[in-house]
Each structure stands twice: as C-alpha cells, then as structure tokens.
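Every chain is numbered from 1, with letters handed out A, B, ... down the list of sequences. Values reported hereafter were calculated over all heavy atoms of this structure, with side chains retained and with hydrogens, waters and symmetry mates removed.
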2 protein chains.
Amino acid sequence: MAAARKEPRSNDITIPATAYAVLGLLSFEQELSGYDLKKWADSILRFFYWAPAVSQIYGELKRLDRLGYVTSREVPQDDLRNKRVYRITDSGRAALTEWVEQDDVEPPVLKHSPLLRVWLGHLTTPDHIRELLLSHRANTEQMLEDARKSEAQAHNNPEQWHYPELVARFSMRHFEAELGLVDALLAELD
Amino acid sequence: MAAARKEPRSNDITIPATAYAVLGLLSFEQELSGYDLKKWADSILRFFYWAPAVSQIYGELKRLDRLGYVTSREVPQDDLRNKRVYRITDSGRAALTEWVEQDDVEPPVLKHSPLLRVWLGHLTTPDHIRELLLSHRANTEQMLEDARKSEAQAHNNPEQWHYPELVARFSMRHFEAELGLVDALLAELD
DNA sequence: CGTTGCATGTAAGGTGTTACATGATTAC
DNA sequence: GTAATCATGTAACACCTTACATGCAACG
C-alpha cells in the first residue's frame with residue numbers, strides 16, 4: 001500500500017505558506033488593505049520569513065477571497081480614490097488555525113549566498129573572502145538593529161502580541177548568533 | 001540620472017545562483033554526471049544553501065553548456081548505457097570566480113515556517129506551540145548530526161577543501177545556535 | 001521478486017519577481 | 001518641481017517542483 005504521502009487534512013485545499021502568512025497578518029488587525037499588508041510584511045515578516053512582492057500580495061488576497069478566507073469592502077479615500085480593505089472570515093481563521101496546528105513541520109529554508117561564495121574560496125584570494133564576510137556582517141548588523149526596534153515595538157502592545165514579541169526576540173538573537181558565527185569564521189580564516 | 005541598478009558586470013549574462021552552485025560543484029572535481037551532482041548537492045550544499053531537484057540540475061547543466069561554461073562527453077557505462085560527464089571550462093571558471101568576487105552580496109534568505117507558526121500562536125494553545133517547537137528541535141538535531149559528519153569528511157582532504165571545511169564548521173555551529181535559540185524560546189513560553 | 005541505486009530527461013504547473021500602467025497628494 | 005508615499009493591479013517571465021517515462025543492475 002502506498003505510504004501516506006501528504007496527509008491532506010479534511011477539506012484542506014493546499015495553499016502556499018505565503019498565503020497563510022498574509023492571512024496571518026490579517027488575524028491580528030481588523031481590516032487591512034493590500035498596501036498596508038505590504039508595509040507590515042516588510043517591517044515584521046522579513047525577519048524570520050520573507051516579504052512577498054506587492055503584486056503577489058494582491059494575488060494572494062484574490063485567492064484568499066475566492067476561498068472565502070477573507071472578505072473585502074471598499075472604503076472611500078480622498079475624492080475619487082477608493083481603497084479595498086480585507087478582513088479575515090471565520091472560515092479563514094479556522095483554516096489558518098488548522099495550518100498552525102499541523103503536526104508536519106517543514107524545516108526552515110536557508111539560502112545563504114554569502115556562505116556559498118565562501119565555500120568557493122579556492123577560486124579567489126583570502127582577502128576577497130574576508131571582504132565579502134565583512135560586507136555580510138554589516139548587513140547582518142543592520143538587520144539586528146532593525147529587529148531590535150521591531151522587538152521594542154512589539155513589547156508595548158496588548159496580549160495578542162505575546163507571540164510576536166517572542167518571535168521578535170528569537171530573531172534578534174538569531175542575528176546576534178549569526179554575527180558570532182561570522183566572527184568565528186573570520187578568525188579561522190587566518 | 002537613473003541610479004545604478006544591477007551593475008551588470010562586463011559581459012555577464014545573469015544566471016541564477018543555482019547555476020553557480022552547480023558550476024561550483026564542478027570546480028572541485030574533475031568530471032561529474034548530473035546524477036553525481038545531485039548526490040553531492042544533497043550531501044553538502046543543503047546545509048547552507050539548498051538542494052535543487054534532479055530535473056533542475058539537468059536543466060542547469062544544459063544552460064551552462066550553452067554558455068560554454070562546461071563541456072561534456074559521454075563515457076560508456078555498462079553494455080549499452082552511457083553516462084554524460086561534465087567538466088568546467090576556463091570560461092566557466094572565470095565566470096564563477098567573477099561571481100564569487102562580486103562585491104554586491106545578497107543577504108541570506110531565511111524562510112522559517114516553524115517560527116511563522118509560532119508567530120501565530122494566539123490562534124492555538126501553548127501546548128501546540130511547544131509541540132511544534134520540539135518537533136522543529138528534533139529536525140534541527142538531525143541536521144546538526146549530519147553536518148557534523150560532513151565536517152568530519154571535509155576534514156581529511158586536500159588543500160582545496162579548506163574552505164568547504166570552514167563552511168561545514170559554520171553550518172555545524174549554525175545548527176547548534178538554532179538549538180539554543182529554540183530552547184530559549186521554549187523556556188520563555190512559560 | 002521487490003526495492004533501491006544508477007542514469008537521464010520531458011512536461012506541466014505552481015510560485016514569485018520585475019516591469020509597466022495610472023494618478024493623486026504630500027514633502028523637500 | 002522632483003521625489004516619495006499612497007494605492008491597485010496586469011503581463012511577462014524566470015525559477016523550481018512534481019510527476020512521468022524508461023530501463024538495467026545489485027541486493028535482500
């Protein structure tokens with residue numbers, strides 16, 4: 001008998017993690033526009049997941065709408081402009097919860113291009129590699145700083161924000177750890 | 001004046017990092033088949049980058065061939081079966097080196113779905129979240145063990161393997177750090 | 001005798017990006 | 001007055017995966 005494959009749960013249509021990420025953003029706030037969602041994703045999600053392109057967010061919203069996971073309405077903006085705000089439905093919240101509780105945890109995906117370059121160090125000089133690592137180190141420091149700000153923000157917020165705060169702290173430490181790893185590697189380069 | 005965008009260097013056709021990863025594998029060994037490359041990628045690249053599907057490897061090889069970055073020849077296998085082995089060309093080595101030395105370092109991409117789920121913890125119970133983290137922890141421990149083996153292998157090998165050894169050690173520490181972060185998060189869950 | 005490894009590829013489809021199009025308002 | 005922010009979307013394309021097709025050899 002064919003071994004249990006994907007274990008499609010109940011009435012689940014499988015949608016990508018990105019869709020759940022967008023739905024997840026909507027599970028915190030009342031109503032958000034596609035534009036709002038993009039800003040949010042950029043300011044929070046990018047630390048531990050990643051920030052989808054604007055166009056993809058609009059696409060995902062359309063999909064979520066088709067599935068009945070969100071509803072939307074137009075709110076008048078200025079004069080002639082309208083904006084469309086989205087709200088998660090009960091069905092959407094249920095689907096999202098099911099996804100969160102899903103016991104089959106995919107491992108994190110890491111694509112560390114700086115390291116990929118280091119791995120190919122035999123093609124260039126140690127100086128180049130060192131420079132590359134320092135550049136990566138600077139990027140990481142920037143991320144760490146941003147993550148710290150994000151953590152501070154999450155800190156003074158209602159109960160619902162407990163988990164985001166924990167995750168923000170995790171991210172902070174993650175970037176701190178990365179700095180340590182880079183430094184150790186730099187030290188070993190000699 | 002339009003700000004410098006992608007800085008297309010010299011005669012560079014931009015090919016994805018994956019293509020360089022495959023080319024990189026070929027920069028160590030003399031000749032490898034698509035099949036060999038897949039095994040390699042699975043056993044090494046996956047720790048800090050990621051392992052492309054078999055079919056993609058064949059696709060990338062075709063592209064690299066078109067670009068003149070690799071050459072191939074058929075070697076008779078058993079009876080009727082042939083296998084095609086690839087070898088990096090001087091032009092390929094030059095292109096790869098240029099890529100390694102490129103000063104515009106893209107940051108690592110992390111898609112941490114377990115954390116994404118934790119972030120949405122308000123939708124479920126702390127027990128579920130704990131379970132999820134323990135599951136992720138077990139996966140990480142497995143990766144750590146594998147990375148250790150890989151590091152040990154890289155250790156007793158010729159000069160060229162110095163950088164892979166450093167990277168293997170980085171990966172080891174990376175997974176150790178991840179375990180630490182998960183444990184800290186678990187502790188804070190109370 | 002069934003599974004795994006060896007070995008190579010095609011086809012289809014989903015995921016995600018960039019570029020483009022449009023246009024108002026606000027800030028420097 | 002030029003750029004940035006707000007605001008939404010389409011189209012084209014690149015990337016990558018799964019499923020499929022094929023078939024021998026070796027191991028248990």
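Atom CG of Leu32(A) and atom P of dT8(D) are 11 Å apart (whole Å). A straight line from CG of Asn82(B) to C1' of dC6(C) spans 14 Å, rounded to a whole angstrom. Nucleotide dG9(D) holds its C1' atom 15 Å from the CD atom of Glu60(A), rounded to whole Å. Arg63(B) places its CZ atom 15 Å from the P atom of dT10(C), with the value rounded to the nearest Å. Per the geometry, CZ belonging to Arg73(A) stands 17 Å off C1' belonging to dT8(D), to the nearest Å. Rounded to an integer number of Å, the gap from OH of Tyr20(A) to P of dG16(C) is 13 Å. Atom CG in Leu61(A) sits roughly 9 Å away from atom P in dT8(D) (whole-Å rounding). One interatomic measurement links the two molecules: CD1 of Ile15(A) to C1' of dG16(C), which rounds to 16 Å at whole-angstrom precision.
Contact check, Lys111(B) against dG16(C): a side-chain N or O comes under 4.0 Å of OP1 or OP2. For the pair Thr18(A) and dT15(C), the criterion of a side-chain N or O lying under 4.0 Å from OP1 or OP2 is not met. Residue Tyr58(B) places at least one side-chain N or O closer than 4.0 Å to OP1 or OP2 of dT8(C). Using a 4.0 Å cut-off, no side-chain N or O of Gln56(A) falls inside it from OP1 or OP2 of dT15(C).
Scanning all heavy atoms of the two residues, the minimum distance from Leu116(B) to Ala21(A) falls at CD2-CB, 4.1 Å. The minimum heavy-atom distance between Leu132(B) and Val100(A), with the atom names listed, is CD1-O, 3.4 Å.
Between Lys62(B) and Ala53(A), the residue anchored nearer the 5' end of DNA chain C, judged by the nucleotide with its closest heavy atom, is Lys62(B).
Counting only distance, with no hydrogens or angles, the side chain of Lys83(B) and the backbone of Leu32(B) share no donor-acceptor pair below 3.5 Å.
One N or O donor and one acceptor, one from the side chain of Ser55(A) and one from the base of dT18(C), sit under 3.5 Å apart.
Atom CG of residue Leu45(A) and atom CZ of residue Phe47(A) lie 10.5 Å apart, to the nearest 0.5 angstrom. Atom CG of residue Leu144(A) and atom CZ of residue Arg137(A) lie 9.5 Å apart, to the nearest 0.5 angstrom.
The aromatic rings of Trp119(B) and Phe28(A) lie tilted to each other, with the angle between the two planes from 30° to 60°.
Using a 4.0 Å cut-off on heavy atoms, the residues of residues 35-51 of chain B that approach DNA chain C are Tyr35(B), Lys39(B), listed by number.
Between Asn82(B) and Arg84(B) there is no side-chain heavy-atom pair separated by less than 4.5 Å.
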